[in-house]
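Worksheet: one structure, shown below.
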Amino acid sequence: MTDDPFGVYIHIPFCIRKCRYCSFYSCRQIGLIGDYIDALESEIYFYRDTAREADTVYIGGGTPSVLSLLETERILSAVYRFYRLTSHPEITIEANPRDITKEYIHGIRQAGVNRLSLGIQSFEDRELGFLGRRHNEEQAVRSIETAVEAGIERLNLDIIWGLPGQSIKSLLKNLEKAVFFKPGHISAYELTISEGTPLYSKLKEGAFKSLCVQEKSDMFYAVSDYLRSEGYVHYEVSNFSLGYKAFSRHNSRYWNHSPYIGFGPSSHSFDGNRRWWNWPDTIKYISEIKKGLMPVENEEMLSAEQKATERLMLGLRTSHGVPVSDLSHTPRNRGMMDMLVREEFAVIQEDRLCPTVKGMLVSDYLPLLFDTL
Amino acid sequence: MENIRNFSIIAHIDHGKSTLADRLIQSDALIEKRLLRDQVLDNNEIERERGITIKSQTIALYHAHGGDKYVLNLIDTPGHVDFSYEVSRALASCEGVLLLVDASQGVEAQTIATLYGALEHNLEIIPVINKIDLPSANIEAVKEQIETDLGLDSENAILCSAKDGTGIDDVLDAIVRRVPAPVGQESKPLTALIFDAFYDSFRGAVVACRVFDGTVEIGDKIRMMHNKSSYTVEELGVFRLNKEPRKKLSAGEVGYIIANIKSLSDTKIGDTITLDNNPADKPLAGFKEVKPVVFSSIYPIEASDYNSLSDAMQKYVLNDASLVYQKDSSISLGQGFRCGFLGLLHMDIVQERLEREYGQSIILTSPSIKYRFTLENGEVVIIDNPQFYPDETKIAKSEELYCSVSIIIPDRYMGKVMELCLEHRGIEPKFNYPTQGRIDVNFRMPLAEIIYDFYDKLKTITQGYGSFDYDILDYRQSNLVKMDILLNGEKIDALSQIIHRDRARARALQICEKLKDEIPRHLFKIAIQGAIGGNIIARSTITPFRKDVTAKCYGGDISRKRKLLEKQKKGKKRMKMIGSVSVPQSAFVSVLKSDND
């Protein structure tokens, strides 16, 4: 266990409708919300000694904005009651553009939320339809305007690119619309069609064709080039921020190997040595907690080697990279670092091996090049 | 002695040799049926997969015929040219052979070479037409082939189906009636021919032999006439499904001897065993020192596995005396072993057995034969390892081994075989006509030309009817070069080879293309080059990949992603680093494999 401040993640599994590409755990049983919040409060209380101090809180989903303001407040006050927050905590909530009203923004700000992450995904109705989102272009634009007018301090917009048939031109048009509002943070994800999702079935049926690797690579560069030209820092494979202060502090924990604790079904936790995760089943989650049991599905203790592998794998997703000293212990690793620098996959900055944009595009492969420990 | 029959079975792959052997064994009422497993004789996993017998097995069968009891010794033989010497010793231990032919496939005379061997030993040959139960069986056509292709009398061919048991009694009868009883004298000094040997981890080498004259008993001091070593017999006996001890072995009999012989390398196939205190005047004819022909180095994929490989090699040679090895080292591959093999098949088998039975992950370097170089200063060096290729500028003369090649074929393949031989630098052709319709083609050819895929090619163009044998003659002047393969400018030691200048470019191109297929794409462009000295003679390129990334990696993705990475890393362990290029083991293997074009 560590004395470092933790990140707190709270999963709100409920969705009005599941998006067609979504592979996260979610459910539609909104009738369970009352019981669910009771359970969450208990779980938050369970772990009061594991993580005394919290630096970031992130309410994600599912769709956290299906909760009423009162329900949201209840959850956050449980966090405040049992955990000491550092002086300037980052408190984020994810929301569906359709759920954004002036009142909602005021309410969550009152509850302490200082960062809003809007699931815009696209500004084009056709694309939104394909993705199975329940908002349209007009609602997307209005939600941003409302949030900005209501004075939300920090804003993230989620964008998905690489849709079948999409061109770089139409992709950039989407991004321009997002950039117009100068959000502090943009997450631009390549569309991933995972097994078990409705889009996956459609793809297998041959209803559409995915873009080829070449097209996707070109898009990755186009997104990065454009956003960087607009002043954004490309600090993680899919994440961009206006300056370093606008990083998602919570999400950076995952990439920096910092501890976090996750509440709710399917949530994952990490204390620096151990990873554990909850059942991905809301009903089971509630009933286990009612029985006074931990809703944990499984856990693993990380060996030193596994930790090193994770640090490498995660660090090499970010522009911050990994310390050269973590790798320089073998000649092979030193040779690989030279190769990466020579081939412009990485640069050495302040004694760290930092992937370039070209390097981020192969960041799943980079850790394979090195011997850990 | 008149009730002993020593015989062997000659057959093409798949013509049912193992099934027939099983039937013959089953006919012996005294053999416990529960001990029988399918295909008793081919008991090595690799042998079964390849359908060839590498190590011969022997079994004594008891058979009643006309009120008399007979011992039928079935001596099994290996089926590949790499092992032709072992075959010849097994045949030398017999008086007759069953020539097995598939009734629907007909004569597919890969068998022919062995058949000619059998004829050399003046053995009684009994044609057996098997699989007559098949709807596609064409007995008359097969009989005709036996007459025309093999030059044998088909009148007395036996019809059988080893599968359903038809005709097995006829086979047994024929063995008794037609295979001559051994001739020999118990009163003469002992001569016993070693035709096989295998290793028992408790008893040391177990020698399989055929006694020609005299008698050997427990406690006798025996002498290996060629090896000039003596041992005291601890146990002897006959081969049943297991070894069955006896008190003595006498003239005409086939059996085994255990005499505290530490390793298989102390026994030589073809050697003659005699008694120390009453030795024979001279050993039995036909002994040949089996010498390795093909050389290659074995390296562990992970340098740290050297000790484990070293242990495995030590254990392996206990079982395979024909493998010789010594330490070797290379810049890119670390420490390993230089090995001598009987041929490429033998090399293949050693590799597979080291991997499967001894759990080693290994790389074999390009096989080489011996080359002789005379240097400017008059010094003569013989080299079997490209690593030691002399300084090009100091070579006055380079020579390679030539052999005399004998190919026996039905005359209809004459044209194609001539072409093949000439393509393989054959010279001084001679022709003999041993029987009607058959030609014995003789060429002088460089050993390097026949060692790789010549036999495979010959089998292909003659549809299996070509028999092939060769004898190494001597060195002849040649135009040799050392060819290197480079990956991004880095030499792959393992793939360097000494080769005739005219062959270098084609071979280099072939290797470049194979490596291109086998080496996965990397982050950077990989140039594969073949070179003679600084001169690039072949080239191919592997383009880099651009994208390998998952868009999202948050709390819930990390464990899964790490596990995937751990798995991929394990796969990468089986790769060898050449500079910054990871080369899979399969790439090295594919280069060694001959092209099937």
Side-chain angles (χ1 to χ4, degrees), chain A residues 7 9 24-25 60 160 162 187-192 213-214 216-218 220 236-238 251 253-255 257 260 262 266-270 275 277 280 300 302 305-306 309-310 312-314 317 332 335-336 338-340 342-343 345 358-369 371-372, chain B residues 300-305 331-334 486-492 519-527 541-584:
Chain A
Y9 175 80
F24 285 94
Y25 171 68
I160 290 180
S187 296
Y189 299 108
E190 177 197 335
L191 175 66
T192 310
V213 175
Q214 185 68 47
K216 286 181 181 173
S217 304
D218 291 345
F220 184 86
E236 196 263 354
V237 171
S238 306
N251 287 339
R253 293 182 162 278
Y254 301 124
W255 309 317
H257 225 225
Y260 51 89
S266 83
S267 290
H268 284 241
S269 304
F270 173 57
R275 295 191 177 280
W277 50 95
E300 60 179 359
L302 299 182
E305 161 116 45
Q306 288 174 318
T309 302
E310 287 191 353
L312 190 62
M313 163 187 108
L314 298 165
R317 289 182 66 86
R332 176 185 145 136
M336 285 300 174
D338 288 346
M339 182 275 289
L340 290 178
R342 190 178 63 237
E343 301 288 334
F345 288 98
K358 184 178 172 187
M360 282 187 196
L361 189 51
V362 291
S363 67
D364 283 359
Y365 182 83
L366 295 181
L368 280 172
L369 297 173
D371 298 320
T372 40
Chain B
I301 289 192
E302 284 279 310
S304 56
D305 291 336
I331 301 155
S332 61
L333 298 168
L486 306 134
L487 276 187
N488 279 353
E490 194 103 15
K491 199 187 290 174
I492 316 177
I519 297 174
R521 296 216 276 166
H522 279 55
L523 289 177
F524 43 85
K525 191 164 96 175
I526 302 171
T541 307
I542 301 174
T543 56
F545 69 89
R546 293 183 67 190
K547 181 171 180 291
D548 181 6
V549 62
T550 36
K552 290 192 180 189
C553 183
Y554 296 106
D557 305 305
I558 297 171
S559 286
R560 183 166 23 87
K561 234 172 131 52
R562 189 198 66 241
K563 280 173 193 153
L564 177 67
L565 199 61
E566 285 165 350
K567 212 171 108 193
Q568 289 172 315
K569 276 205 159 178
K570 257 194 205 129
K572 258 194 113 97
K573 278 234 157 108
R574 289 188 53 88
M575 301 220 194
K576 192 84 206 173
M577 295 302 300
I578 306 287
S580 43
V581 180
S582 313
V583 183

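The chains referred to below are lettered A, B, ... by the order of the sequence lines, with proteins before strands, and numbering in each begins at 1. Keep in mind that what you see is a predicted model, and the values were worked out from it rather than measured.
Evaluation of the salt bridge (Lys or Arg N to Asp or Glu O under 4.0 Å) rule for Arg332(A) yields Asp371(A) as partners, not counting sequence neighbours. Scanning for salt bridge (Lys or Arg N to Asp or Glu O under 4.0 Å) contacts around Asp557(B) gives Arg560(B), with sequence neighbours left out.
If you measure heavy-atom distances from Thr372(A) to chain B, the contacts under 4.5 Å come from both the backbone and the side chain. At a 4.5 Å heavy-atom cutoff, the contact between Ser217(A) and chain B is made by backbone and side-chain atoms alike. Using a 4.5 Å cut-off between heavy atoms, Lys561(B) contacts chain A through both its backbone and its side chain. For chain B, the nearby parts of Tyr365(A) are the backbone and the side chain; heavy atoms of each come within less than 4.5 Å. Looking at Lys570(B), there are no atoms closer than 4.5 Å to chain A (heavy atoms on both sides), in backbone or side chain. In this structure, chain B has heavy atoms under 4.5 Å from both the backbone and the side chain of Val213(A). Of the two parts of Phe24(A), only the side chain, counted from C-beta on, holds a non-hydrogen atom closer than 4.5 Å to a non-hydrogen atom of chain B.
Interface remark: of the candidates Met339(A), Arg253(A), His268(A), His268(A) forms the most heavy-atom pairs closer than 4.5 Å to chain B. Top candidate by heavy-atom pairs under 4.5 Å with chain B, chosen from Glu343(A), Glu236(A), Glu305(A), Arg342(A), is Glu343(A).
Across all non-hydrogen atoms, the minimal contact from Pro520(B) to Met575(B) is CG-CE, 4.1 Å.
Between Tyr554(B) and Trp255(A), the ring planes lie tilted relative to each other; the angle falls in the 30° to 60° range.
Taking CD from Glu566(B) and CD from Glu310(A), the interatomic distance works out to 8.0 Å, rounded to the nearest 0.5 Å. One finds the CG atom of Leu523(B) at 10.0 Å from the CG atom of Leu361(A) (value rounded to the nearest 0.5 Å). To the nearest 0.5 Å, the span separating OH on Tyr260(A) from CZ on Arg275(A) amounts to 4.0 Å.
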